[in-house]
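Every chain is numbered from 1 and lettered A, B, ... according to where its sequence line falls, protein lines coming before strand lines.
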There are 2 protein chains.
Amino acid sequence: MSENQTPGAPELRWYWEDFTTGLSMTFGPKTVAREEVMGFAREFDPQPFHLDEEAGKASLFGGLAASGWHTAGMVMRMMCDGYILDSSSLGSPGLESLKWLKPVLVGDELRARMTVLGSRPMKSKPHVGLVHHLWEAINQHDEVVMTIESWAMFRRRHPGALAAAQESTPQGHTPGL
Amino acid sequence: MSENQTPGAPELRWYWEDFTTGLSMTFGPKTVAREEVMGFAREFDPQPFHLDEEAGKASLFGGLAASGWHTAGMVMRMMCDGYILDSSSLGSPGLESLKWLKPVLVGDELRARMTVLGSRPMKSKPHVGLVHHLWEAINQHDEVVMTIESWAMFRRRHPGALAAAQESTPQGHTPGL
């Protein structure tokens, strides 16, 4: 049991230290179901091309297309089931970019690939580390349909001393949290 | 009726030309309901701090917190009801940044503010224009809890000639779609 673990709670597989640069894992698949596409659209994004077959076909998407936010949600769920729920995840301060590269259509089958781009301790919280990663959604034709580049926070297996953490030099983007 | 409109369809309020730089509109409010937070989390982001009051209190969020993806979905819905559904929206190629600045907790009341940062014709499609905008989610304490900077595509009221469109010089980010 880690020093950082609630007594009696199950050991977690993924702490900050485990996300080594270059690590890449693929999860899923998830079939894009018509009723889920339309249900999400009705609640969050009721544009015609997400709700109606004919409107989808007439749109730039060329078919009944999932809301881009729904695609992000489906990928989030695959990431949760794949590693986040067995990790010391503390949330995310945001995304550096999100690209919807190709339409996601009803009947598509998506996989979710995460690749670690880098990591660093969190200056203000010695028990927290940041992981910089690329998430990709990939369809049944091996086309990358969405990319997300972002930072996430994870509890550390071995918290650093505050002073040691402060010595680190963060590169690039500095999340607000 | 616009030359660009399906015969018999209602006139739309918002075409590409209407999104002038500096235009700012605020929509909502939307109350963050417990059952919606937990329902979204169960489907897309089942991390304990989005599902369980105690886990939320013990987290960096300090309470039962909406998934950041849910916050984005709620803002998308306010934007749809506020202007997108009465526009010539053709979708979005992606986000340049998304920041989750503060927790969104059960019981919060959110508003959604859109501000036009700029626009330009789309080089490859003379009937389409791009709008660069900032979206902000603002809570009942007037705190900005989330920002999104992105591009969106709208049909033009008066499509440009292809040659004229090609003369334009796109600045900065060039969306893939």
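- Residues of residues 18-35 of chain B never come closer than 4.5 Å to chain A when only heavy atoms are counted.
- Minimum interatomic distance between B:Trp69 and A:Met76 (heavy atoms only, all atoms of both residues): NE1-SD, 3.3 Å.
- Linking ILVMFWY residues whenever their side-chain heavy atoms come closer than 4.5 Å, directly or via other members, leaves A:Leu134 and A:Tyr83 in distinct clusters.
- When heavy atoms are compared at a cutoff of 4.5 Å, B:Ser59 does not approach chain A at all.
- The hydrophobic cluster containing B:Leu85 does not contain B:Leu12, counting ILVMFWY residues as joined when their side-chain heavy atoms lie under 4.5 angstrom apart, directly or transitively.
- Placement of B:Leu117 and B:Trp151 in two distinct hydrophobic clusters is found when ILVMFWY residues are connected by side-chain heavy-atom separations under 4.5 Å, directly or transitively.
- The backbone N or O of B:Pro46 sits nowhere less than 3.5 Å from a side-chain atom of A:Arg77 that would complete a donor-acceptor pair.
- Of the listed residues (A:Glu43, A:Glu149, A:Glu36, A:His50), the greatest number of heavy-atom pairs within a distance under 4.5 Å of chain B belongs to A:Glu43.
- Both the backbone and the side chain of A:Ser89 come within less than 4.5 Å of a heavy atom in chain B.
- What you find for B:Ile84 and A:Gln47 is that their closest heavy atoms are CG2-OE1, 3.3 Å.
- Closest approach of B:Cys80 and A:Asp45 over heavy atoms only: SG-OD1, 3.7 Å.
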